[in-house]
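Structure record follows, encoded as structure tokens.
Here is the naming used below: chain letters follow the sequence lines, and residue numbers restart at 1 for every chain.
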There are 2 protein chains.
Amino acid sequence: MKLTNTSEYALRILTFMARNPEGLFSAKSLVEKLNISDKYLRRLMTDLAKAGFIYSIQGRDGGYRFAKMPNDIFLSEVIDAVEGMKKYTGCVLGFEKCSDENPCAMHNSWVSVRAEFVKMFTTKTISDLDINDVSKF
Amino acid sequence: MKLTNTSEYALRILTFMARNPEGLFSAKSLVEKLNISDKYLRRLMTDLAKAGFIYSIQGRDGGYRFAKMPNDIFLSEVIDAVEGMKKYTGCVLGFEKCSDENPCAMHNSWVSVRAEFVKMFTTKTISDLDINDVSKF
DNA sequence: TCATTTTACTACAAGGAGGTATTATTTCGT
DNA sequence: ACGAAATAATACCTCCTTGTAGTAAAATGA
């Protein structure tokens, strides 16, 4: 019941950048502000760029900039890009044949909990996250 | 949003044994009925025995038997024994300093989802799981 | 007692997540 | 053109989960 570190990092980075949605952020400046290791952050930035949330500007004075405005980036999209939301949708007891038609004993309560969980990420965008939260670590 | 395979296995084993709460089950017979690898199941049985849910009888005609009746074994206890429930209780965005007093932007919705999730495991016992579910894989 | 059946223990290996090191590539300022 | 500053790519490395292999130890039935 926890996102991976990778997803947490991705959301943290984008939320931080959303403080200045038009700004240009170097990997170095992000590493200094956020609590993420240098090389791992750089790898993540490449993933986020490939997913179309940001684009990179190489060379001197380069960095990263939003390719899509933060109020148009749903949290579920970010999670999908770096780890996938699918893993959060199976039977809680791991039964392959569990379904609405053939439910396990926890299916009904699980379906409603899961729906609320998924809704948290499919209805909120980066802009909905508090830009001050990134200092909470 | 998924238990580990290990927890799923542990719940599956105990639920299967609950079909006959007084019965003696050899590791071999459990491996044949459940979809768990032989050596891994045997290791898990040792963990479940150490946790006090079952006890083992070594030697010829040995096996495992409940040490505690299945209606007295809460699912959260089983998860605690093999992987720990703690990992399911932190801030969903990974902020260390997130709390009721200093909540992140997702804190409130997260707290209610998490409470329902935890309740699923702290209020149900092995007896509440459908003994027929173990064939759902 | 002894062979057989069964659990217990230790070590090892594959795979993914997280993290690090090194080298390439791009671009701007001079 | 060249050097500095920045991202990109590649290849490792470590840890945890999951699973496997081999050996040791225990206990019963004959």
Side-chain angles (χ1 to χ4, degrees), chain A residues 1-13 17 23-32 34-67 79-88 94 137, chain B residues 1-13 17 23-32 34-67 79-88 94 137:
Chain A
M1 195 77 160
K2 200 177 158 306
L3 302 179
T4 60
N5 287 359
T6 305
S7 288
E8 292 177 6
Y9 292 168
L11 294 174
R12 193 181 298 171
I13 292 164
M17 289 177 64
L24 180 67
F25 297 84
S26 69
K28 193 179 177 187
S29 73
L30 294 172
V31 165
E32 284 169 0
L34 308 173
N35 199 18
I36 307 171
S37 76
D38 182 87
K39 296 292 171 54
Y40 200 61
L41 178 138
R42 290 169 190 273
R43 182 196 291 180
L44 259 182
M45 296 312 278
T46 304
D47 292 341
L48 294 176
K50 282 181 181 161
F53 304 128
I54 58 178
Y55 65 93
S56 66
I57 299 166
Q58 289 190 31
R60 181 171 171 162
D61 299 332
Y64 303 92
R65 204 188 292 274
F66 274 113
I79 297 169
D80 258 332
V82 299
E83 67 161 321
M85 277 294 283
K86 289 76 61 188
K87 66 165 67 166
Y88 295 110
F137 55 78
Chain B
M1 196 74 162
K2 201 178 156 305
L3 302 178
T4 60
N5 286 0
T6 305
S7 287
E8 291 177 7
Y9 291 166
L11 293 174
R12 193 180 300 172
I13 292 164
M17 288 177 64
L24 180 68
F25 298 85
S26 69
K28 192 179 176 187
S29 72
L30 293 172
V31 164
E32 284 170 0
L34 308 172
N35 200 19
I36 308 170
S37 75
D38 182 87
K39 294 293 171 55
Y40 200 60
L41 178 137
R42 289 170 192 272
R43 181 195 294 181
L44 259 181
M45 298 311 278
T46 303
D47 292 341
L48 294 175
K50 282 179 182 162
F53 304 129
I54 58 178
Y55 64 93
S56 66
I57 299 167
Q58 289 190 33
R60 180 166 172 168
D61 298 333
Y64 302 92
R65 205 187 292 273
F66 275 114
I79 297 170
D80 259 331
V82 300
E83 66 162 321
M85 277 293 284
K86 290 76 61 187
K87 68 166 66 164
Y88 295 109
F137 54 79

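A pairwise comparison of heavy atoms in Leu44(B) and Ala10(B) identifies CD1-N, 4.2 Å as the closest pair. Nearest approach of Arg42(B) to Ala27(B), heavy atoms of both residues: NH1-CB, 3.6 Å. In this structure, Gly63(A) and Leu24(A) approach most closely via the heavy-atom pair C-CD1, 3.7 Å. Here the closest non-hydrogen pair linking Glu8(B) and Leu3(B) is OE2-O, 3.7 Å. Taking every heavy atom of both residues into account, Gly52(B) and Ala67(B) meet most closely at O-CB, 3.5 Å.
Shown here are the side-chain contact (heavy atoms from CB on, under 4.5 Å) partners of Lys28(A), two or more places apart in sequence or in another chain: Ser26(A), Glu32(A). Partners of Asn5(A) under the side-chain hydrogen bond (donor to acceptor under 3.5 Å, both in side chains) rule, at least two apart in sequence or in another chain, do not exist in this structure. Remark: Glu83(A) engages Thr4(A), Ser7(A), Lys87(A), Tyr88(A) in a side-chain hydrogen bond (donor to acceptor under 3.5 Å, both in side chains) (not counting sequence neighbours). Partners of Asp47(A) according to the salt bridge (Lys or Arg N to Asp or Glu O under 4.0 Å) rule, which considers only residues two or more places apart in sequence or in another chain, do not exist here.
Atom NZ of Lys39(B) is separated from atom P of dT7(C) by 12 Å (rounded to the nearest Å). Rounded to whole Å, atom P of dA17(C) lies 12 Å from atom CG of Asn5(A). The CG atom of Leu41(B) sits 14 Å away from the C1' atom of dT20(D) (whole-angstrom rounding). Distance Asp38(B) CG to dC9(C) P: 16 Å, rounded to the nearest Å. What separates CZ of Arg42(B) from C1' of dA25(D) is a distance of 14 Å, to the nearest Å. Between the NZ atom of Lys28(B) and the P atom of dT4(C) there is a distance of 14 Å, rounded to whole Å.
Comparing dT7(D), dT20(D), dG18(C) against the side chain of Tyr40(B) picks out dT20(D) as the nearest. Of the candidate nucleotides dG18(C), dT7(D), dG19(D), dT7(D) has the atom nearest to the side chain of Tyr64(A).
Across the interface with DNA chain C, nearest-nucleotide mapping of Ser26(B) and Glu83(A) shows Ser26(B) to be the residue nearer the 5′ end. Nearest-nucleotide mapping onto DNA chain C: of Gly62(B) and Thr6(A), the residue sitting toward the 5' end is Gly62(B).
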N/O-N/O pairs, protein side and nucleotides 26-30 of chain D side, under 3.5 Å:
unit_1  : atom_1 : unit_2   : atom_2 : d
dA26(D) : O4'    : Gln58(B) : OE1    : 2.9

Can you tabulate the close N/O pairs, meaning under 3.5 Å, that link protein atoms to atoms of nucleotides 10-15 of chain C?
unit_1  : atom_1 : unit_2   : atom_2 : d
dA11(C) : N6     : Arg43(B) : NH2    : 3.2

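Residues from residues 44-55 of chain A that place a heavy atom under 4.0 Å from any atom of DNA chain D, listed by number: Thr46(A).
Here Leu34(A) contributes atom CG and Met17(A) contributes atom CE; the two are 10.5 Å apart, rounded to the nearest 0.5 Å.
Using a 4.0 Å cut-off, some side-chain N or O of Ser37(B) falls inside it from OP1 or OP2 of dT20(D). Residue Ser56(A) places at least one side-chain N or O closer than 4.0 Å to OP1 or OP2 of dA8(D).
Among residue pairs with one or both ends in residues 50-65 of chain A, those qualifying as side-chain hydrogen bond (donor to acceptor under 3.5 Å, both in side chains) are Tyr55(A)-Arg65(A); sequence neighbours excluded.
Among Leu30(B), Val31(B), Thr6(B), Ile13(B), the single residue meeting the side chain to side chain contact (heavy atoms under 4.5 Å, CB included) criterion with Ile36(B) is Ile13(B).
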